[in-house]
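As a basis for the values below, the full set of heavy atoms in this structure was taken, side chains included, without hydrogen atoms, waters or symmetry mates. Letters A, B, ... are given to chains in the order of the sequence lines, protein chains preceding strands, and every chain is numbered from 1.
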There are 2 protein chains.
Amino acid sequence: MGETTTHRHRRRAETEAEIKAHAWAAMRESGPAVLSLRHVAREMGMAPSALYRYFASRNDLLTALIVDAYESLGEQVNETYVRASATGQNAFEVFMAVAHTYRGWAMSHRTEWALIFSTSLPDYNGTPETYAAAGRSFGVLIQLTADAVAGGLIDVDRLDRTLDDDLRTSMRVWAEHTGQELPAGALAGSMWCYSVMHGAISLDLNGQFPPPMADSPALFDSALRAMLAQLTPTD
Amino acid sequence: MGETTTHRHRRRAETEAEIKAHAWAAMRESGPAVLSLRHVAREMGMAPSALYRYFASRNDLLTALIVDAYESLGEQVNETYVRASATGQNAFEVFMAVAHTYRGWAMSHRTEWALIFSTSLPDYNGTPETYAAAGRSFGVLIQLTADAVAGGLIDVDRLDRTLDDDLRTSMRVWAEHTGQELPAGALAGSMWCYSVMHGAISLDLNGQFPPPMADSPALFDSALRAMLAQLTPTD
DNA sequence: TTCGCTGTGTGAACACTGTTCTCGTTGTGA
DNA sequence: TCACAACGAGAACAGTGTTCACACAGCGAA
């Protein structure tokens, strides 16, 4: 038998996609979190109740949208990782390329970003599916850390010594959980970089930076490079 | 005459506060962004329409709540700044104390944090009042930067040289806007620290860190110290 | 080919929501 | 004591997510 994709199946996938497309459009113009099923239905020329044939609830639709957003982000990030790695640059340069892709995605997909990273969606609760989707771009970060360690870019021993004991064991626990051979210090360093990256983007997107430094890739770049410099050996 | 606080005035202020208290309580248990005026009214034993004597709309109530949250945060941050400064510690140690207060507030006021920092509140738009309130804790950061520069903790010249030209001029523009004498490099450094601080908290609160390092003040601490180390002279 | 089932769409209904309006009542300053 | 502003109640309107009974279309099996 295999996958019998009947005519019905295809049509169903189409309408499903169309619903999501209209949902994105609505959120883009009215801001996220005001997604109205009735509005989408009206836009599509169908009864509100008909949407429930495709998504069991508003939350389910939101989950699907979030998963799609994660997938889009993960895909772009991963693609950049692969392409930049192929050029033979060292892991830090690859990381910078990935980070700029990450930031670029956030800037050009503000709605998606808000949907992913804003707690406080009305009544929405995260699901296992979203967590799984989130892991994908996180995996690239772990991979990059492993690359950097392999390339000798990280002063593993020094970083390890600076860590608090409890923190070091936390890192070890997680390191074993990843497939890679990751020293605690390196893992901590990657979390530092992740924090800078996420924080700079988040502040920028929310307009929490003073006006003249808003939407400044240069500030983002300098912040990340400052943190990376802290990881290198022979300071 | 002066301030004639009649009986009515006092009662009005009381109900206003009571409304906000009930609103916070409701958000705390049902998550933010599902604030329902009717629910608050029901809880208080009054008609929904009566609330409109105190807040012109749901957005106005939200604004008041956000301003209160900012004020609470700003107050705690400022208090820590004053107290820590009085002990004669250097500006970096004061900054660490302030940062921990900041993080502690975020952890113990998740609802308030979400209200402040989540874009994507349903239909809510920022107002001048909220921007003014936001500036208060930002001011402490600027003050700390000035203190650090005055204390010779920041390698101003080196940082200045590492900056992109456009970025440096952006920083200068903003530096003039603040009352303080802030070199561009130092200002950039403070933005880096702000990014780390905000990012680490944000990721932690949203559960975006791997489980074993969730809710870890040590990770937060190490990330900030790593960034601070990057600012000091004579590396 | 006809039967029956499953997938899809409809429209009415329910319980909500924010908001506005009109109508009383009640406290306060003159 | 009077007049007026402040306050509260209740009904109403338009909007929401969601459910339900119903009707039709398409498809596999008899």
Side-chain angles (χ1 to χ4, degrees), chain A residues 1-20 22-23 26-27 29-66 115 120-125 127, chain B residues 1-20 22-23 26-27 29-66 115 120-125 127:
Chain A
M1 288 288 169
E3 293 291 295
T4 61
T5 53
T6 89
H7 190 199
R8 274 249 262 248
H9 285 162
R10 243 174 301 126
R11 277 214 35 100
R12 182 178 177 83
E14 277 174 26
T15 17
E16 212 165 283
E18 199 183 340
I19 291 173
K20 293 200 280 190
H22 276 96
M27 295 176 99
E29 73 169 72
S30 309
V34 271
L35 176 60
S36 156
L37 294 187
R38 293 185 109 103
H39 177 74
V40 171
R42 223 158 23 226
E43 209 78 12
M44 294 183 63
M46 61 197 293
S49 52
L51 293 186
Y52 285 77
R53 299 289 176 196
Y54 299 89
F55 298 96
S57 74
R58 185 171 174 278
N59 267 9
D60 275 34
L61 175 53
L62 277 176
T63 302
L65 294 174
I66 290 178
L115 210 53
S120 91
L121 265 179
D123 185 29
Y124 178 79
N125 302 314
T127 69
Chain B
M1 287 289 171
E3 295 291 294
T4 60
T5 53
T6 88
H7 190 197
R8 264 245 269 242
H9 285 160
R10 242 173 302 130
R11 278 217 34 101
R12 183 180 176 82
E14 278 175 24
T15 12
E16 214 165 281
E18 198 181 342
I19 291 173
K20 293 200 282 191
H22 275 97
M27 296 176 99
E29 73 169 75
S30 308
V34 271
L35 176 60
S36 155
L37 294 187
R38 294 185 107 104
H39 177 75
V40 170
R42 222 157 25 224
E43 208 79 11
M44 295 182 63
M46 61 197 292
S49 52
L51 293 186
Y52 285 77
R53 301 288 176 195
Y54 299 89
F55 298 95
S57 74
R58 185 171 175 279
N59 266 9
D60 274 35
L61 174 55
L62 275 176
T63 302
L65 294 175
I66 291 178
L115 210 54
S120 92
L121 264 179
D123 186 29
Y124 178 79
N125 302 312
T127 69

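For the pair F55(B)/K20(B), a side-chain contact is recorded, criterion being any heavy-atom separation below 4.5 Å from C-beta on. The shortest side-chain heavy-atom distance between L61(B) and V40(B) does not fall under the 4.5 Å cut-off.
Contact annotation for T15(A): no contact, since no heavy-atom pair falls under 4.0 Å across all strands.
The CZ atom of R11(A) sits 9 Å away from the P atom of dT8(C) (whole-angstrom rounding). Following rounding to the nearest Å, H9(B) (NE2) and dG27(C) (C1') show an atom-to-atom distance of 12 Å. When the C1' atom of dG24(C) is taken as reference, atom CZ of R53(B) falls 11 Å away, rounded to whole Å. Taking atom CG on D60(B) and atom P on dT20(C), their separation rounds to 11 Å, with Å as the unit. Between the OH atom of Y52(B) and the C1' atom of dC23(C) there is a distance of 19 Å, given to the nearest Å. R10(A) has its CZ atom 17 Å from the P atom of dG7(C), to the nearest Å.
Remark: R53(A) pairs with no residue by the side chain to side chain contact (heavy atoms under 4.5 Å, CB included) rule, at least two apart or across chains. Remark: E16(B) pairs with R12(B) by the salt bridge (charged side-chain N to carboxylate O under 4.0 Å, His left out) rule, at least two apart or across chains. Judged as a side chain to side chain contact (heavy atoms under 4.5 Å, CB included), and not counting sequence neighbours, the contacts of S49(B) are A47(B).
Interatomic distance, OG1 of T15(A) versus CD of E18(A), reported as 7.0 Å (0.5 Å rounding).
The phosphate of dG9(C) (OP1 or OP2) has a side-chain N or O of Y54(A) nearer than 4.0 angstrom.
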Which protein N or O atoms sit under 3.5 Å from an N or O of nucleotides 15-17 of chain C?
residue, atom, partner, partner atom, Å
dT17(C), OP1, S36(B), OG, 3.1
dT17(C), OP1, R42(B), NH2, 3.4
dT17(C), OP2, R42(B), NH1, 3.3

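Reading DNA chain D from its 5' end, the first and the last nucleotide to sit under 4.0 Å from a heavy atom of chain A are dT16(D) to dC27(D).
Taking the screw axis at each terminus of the helix from dT1(C)-dA30(D) to dA30(C)-dT1(D) from five consecutive base pairs, the angle between the two is 0° to within rounding of 10 degrees.
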